[in-house]
Amino acid sequence: MNLFKDFQAKIDATLKAMADAGELPEGLDLTRVTVEPPRDPSHGDFSTNAAMVLAKPAGLKPRDLAEQLVVRLAEEAGVTELTVAGPGFVNWRVDDELWRRQLAAILTAGERYGDSDVGRGRKVNVEYVSANPTGPLTVGHARGAVVGDALAGLLDKAGFDVTREYYINDAGAQVDTLARTAHLRYREALGETIGEIPAGMYPGEYMKEVGEALAARDGDRWLGKDESEWLEPVRTFAIDALMRRVRDDLEAIGIQQSVFASERALVDAGAVQAVYDSLESRGLLYTGVLEPPKGKKPEDWEPRPQVLFKATEFGDDVDRPLRKSDGSWTYFANDMAYHLDKYRRGFATQIDVWGADHGGYVKRMQAAVQALSEGEARLHIVLCQLVKLTRAGVEEDVKARRGTFVTLSEVTEEVGKDVLRFIMLTRKPDAPLDFDLEKVMEQSKDNPVFYVQYAHARAHSVLRHAAEAFPDLAQAPAALAEGPLHRLTDSQELGLIKLLAGWPRLVDSAAEAYEPHRVAFYLNDVAAAFHGLWTKGKDDTSLRFLVADDAELTAARLALIRAVALVIASGLRIFGVEPLEEMR
RNA sequence: GUCCCCGUAGCUCAGCAGGAUAGAGCAACGGAUUCCUAAUCCGUAGGUCGGGGGUUCGAAUCCCUCCGGGGACGCCA
């Protein structure tokens with residue numbers, strides 16, 4: 001189904017046959033041999049660099065090796081126009097008939113087209129959002145949420161066994177502060193005048209609801225009591241309330257993670273102590289004093305001996321503390337326990353999606369995972385740059401007044417989940433993203449969401465018209481696949497098939513690079529090719545999809561249109577975006 | 001001071017783990033609508049890929065260095 005892979009396998013086999021025949025040395029390293037479409041389509045449909053890569057180890061001239069390869073490949077069925085070009089590329093095309101069969105295969109596979117087995121069922125854990133349960137999600141969280149979810153969808157399509165996970169930071173000092181804020185709001189709900197929310201607490205209005213709900217559940221039970229009595233139950237209550245809200249916000253943009261891992265539960269279970277013991281027994285801990293940071297004013301800096309992890313042995317820049325000076329665990333220690341836990345749950349491949357402000361944390365976490373898994377696990381971190389929220393070019397006031405934010409749910413309500421999701425995926429995570437509330441709603445081609453959606457809707461519009469004009473023509477993909485595809489002969493039609501044929505290849509490469517945004521750009525290309533073909537029918541009526549007096553040709557073209565819609569839908573599915581069938 | 005990310009057309013960005021003559025959209029200019037959705041399409045113009053070295057058959061891509069922009073830098077999470 002993936003022609004590029006098929007040819008890759010054929011090239012490999014051919015090279016091995018050449019080795020057997022003594023034309024090449026035994027045991028050549030073929031890993032750098034690739035089969036890809038040449039950048040310039042006039043060179044051919046396929047191209048391999050085999051001759052150039054192998055020339056040196058084989059002790060041959062690239063072009064000579066290429067010529068030998070050509071002789072062998074010429075025997076392959078359907079291969080035409082074999083040429084040697086440039087420094088030693090071997091280019092070829094395949095029969096139009098082979099492309100048409102590819103179209104049939106796409107239709108037969110339906111939305112499963114592009115599914116791949118590069119993941120070989122390996123378990124992957126994608127952890128994203130993981131916002132502290134101390135407030136509603138903001139637009140700042142949205143990007144990581146969408147990127148993480150789309151990445152999970154992409155890996156799933158590429159054949160990985162994906163778990164979508166959220167890490168709840170419910171153990172630090174901030175959740176005690178949350179509890180105190182909730183208690184204050186609770187007293188307020190019971191009629192006390194509380195005045196300004198003290199600095200350092202969470203001033204947001206959203207805490208009022210939490211206080212009210214607590215009052216409704218527990219009445220005056222926690223009034224006038226010592227903090228030691230209510231802190232824990234109120235904390236639990238508040239965290240639950242906020243996490244419920246987080247889940248609601250996430251669900252509103254189509255995200256449902258299956259695992260919500262609790263930091264507190266890990267700490268309580270002694271997982272951090274276990275990390276400590278394990279590292280200590282392996283001689284990876286020592287007590288030392290860190291150098292003061294260079295950039296910051298070291299005014300309140302005093303050297304303190306701390307328990308340090310030898311992170312530098314695993315590629316980090318400095319060793320990292322596990323205990324605070326009061327003896328409690330650092331956040332890093334807890335995080336180590338969490339990542340070890342993921343490894344123990346069978347995730348040798350872990351992906352964390354973080355905001356760019358955590359960039360300084362990457363090396364130490366990777367060092368930790370390497371140390372804890374004794375080199376068995378790999379942690380990949382996707383850093384998402386910030387989102388600049390604007391409206392018609394003017395920057396939105398992100399914090400209009402103290403304690404208020406532009407929340408994710410506000411934005412979701414305004415632009416809808418599909419627009420939000422797609423736009424967040426139109427830039428690579430490393431690059432900052434402008435999100436203009438007005439522009440993303442524009443219905444024009446400089447808005448990629450509408451451009452792609454419109455292509456899908458347009459395809460379905462044609463299918464609807466076809467159903468009226470040709471009521472006897474079966475439109476199910478499987479039926480169209482059986483149709484007279486030999487009637488597709490126009491170079492632009494075949495070009496579109498070739499583009500669709502690249503979908504599995506794109507899925508694989510995007511998944512391997514952990515870059516879901518590539519899907520967005522690909523879908524844009526497919527949409528452009530389709531729109532182009534559509535408009536060509538305006539100038540040249542013989543190219544119109546519906547040909548009144550030729551049901552056969554119409555059937556063939558509908559097959560192509562159906563395939564376009566399928567591929568777009570399958571791409572949008574990865575993104576969690578609904579493909580629209582009508583956009584009037 | 002150290003580390004990470006970024007630097008590609010006037011603007012916003014792609015560039016598929018090194019490939020052949022560097023691409024798209026916007027903006028500019030010129031065209032296409034009796035007809036499947038013009039929410040679209042076709043064409044023209046626009047670039048020392050930040051600078052300089054290096055690696056090799058071949059570099060926007062990898063390495064070094066410099067310049068510029070952003071971010072992070074003990075016990076916060």
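In this text, all values refer to a predicted model and were calculated from it rather than measured experimentally. Below, read A as the first sequence line, B as the second, and so on, with proteins coming before strands; counting in each chain starts at 1.
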>> Does the protein touch nucleotides 6-13 of chain B at the base, only the backbone, or not at all? Give it as B, S and - per nucleotide, heavy atoms under 4.0 Å.
In response: S-----SS
Check nucleotides 41-44 of chain B for protein N or O atoms closer than 3.5 Å to its own N or O atoms and list the pairs.
unit_1, atom_1, unit_2, atom_2, d
B:rC41, OP1, A:Tyr451, OH, 2.3
B:rC41, OP2, A:Lys445, NZ, 3.0
B:rC41, O4', A:Thr535, OG1, 3.0

> With sugar-phosphate meaning primed atoms plus P, OP1 and OP2, does A:Asp540 contact a base, only sugar-phosphate, or nothing at under 4.0 Å between heavy atoms?
Replying inline: nothing
>> The test is side chain to side chain donor-acceptor pair (under 3.5 Å); show your working for A:Asp352 and A:Tyr167 and say whether it passes.
In response: CA-CA 10 Å; A:Asp352 288 4; A:Tyr167 180 47; over 6 Å; no
> Is B:rG1 paired to anything, Watson-Crick or G-U wobble with both distances less than 3.5 Å, and if yes, which nucleotide?
Replying inline: B:rC73
> Under 3.5 Å, is there a donor-acceptor pair between the side chain of A:Ser116 and the main chain of A:Asp508?
Replying inline: no
Kindly give the atom pairs (protein nitrogen or oxygen, nucleotide nitrogen or oxygen) under 3.5 Å for nucleotides 16-18 of chain B.
unit_1, atom_1, unit_2, atom_2, d
B:rC16, O2', A:Ser509, OG, 3.1
B:rC16, O2, A:Arg505, NH1, 3.1

>> I'd like to know if A:Asp525 reaches the base of B:rA14 with its side chain, counting only an N/O donor and acceptor under 3.5 Å.
In response: no
>> On RNA chain B, does the nearest nucleotide to A:Pro321 precede the nearest nucleotide to A:Ala171 from the 5' side, or the other way round? Give the residue.
In response: A:Pro321
> Listed by chain and number, what are the side chain to side chain donor-acceptor pair (under 3.5 Å) partners of A:Thr426, not counting sequence neighbours?
Replying inline: none
>> Check the orientation of A:Tyr361 and A:Tyr331. Use parallel for under 30°, tilted for 30 to 60°, and perpendicular for over 60°.
In response: tilted
> Are any of A:Lys56's side-chain N or O atoms less than 4.0 Å away from OP1 or OP2 of B:rC57?
Replying inline: yes
> What integer distance in Å separates A:Phe89:CZ from B:rA20:C1'?
Replying inline: 5 Å
> Excluding sequence neighbours, so at least two apart, what forms salt bridge (Lys or Arg N to Asp or Glu O under 4.0 Å) with A:Glu578?
Replying inline: A:Arg573
>> Anti or syn, where syn is a glycosidic angle within 90° of 0; which label fits B:rA17?
In response: syn
> What is the distance from CZ of A:Phe332 to P of B:rC75, rounded to the nearest Å?
Replying inline: 10 Å
>> Whether A:His358 contacts B:rC76 is assessed here as follows: a side-chain N or O lying under 4.0 Å from the phosphate OP1 or OP2. Is that the case?
In response: no
>> I'd like the P distance from B:rC49 over to B:rA60, given in whole Å.
In response: 8 Å
>> Looking at B:rC57, which nucleotide sits across from it as a Watson-Crick or G-U wobble partner, both distances under 3.5 angstrom, or is there none?
In response: B:rG19
>> Under a 3.5 Å cut-off for both contacts, is B:rC29 paired Watson-Crick or G-U wobble with anything, and if yes, with which nucleotide?
In response: B:rG43
> Is a side-chain donor or acceptor of A:Thr48 paired with a backbone partner of A:Thr34 at a separation under 3.5 angstrom?
Replying inline: yes
>> For A:Phe46, give me all partners under ring pair (Phe, Tyr, Trp, His ring centres under 6.0 Å), at least two apart in sequence or on another chain.
In response: A:Phe4, A:Phe7, A:Trp92, A:Trp99
> For B:rU34, what is the paired nucleotide under Watson-Crick or G-U wobble rules, both distances under 3.5 Å?
Replying inline: none
> Any side-chain heavy-atom pair from A:Arg235 and A:Arg264 closer than 4.5 angstrom?
Replying inline: yes
> Are the ring centres of A:Tyr514 and A:His380 closer than 6.0 Å?
Replying inline: yes
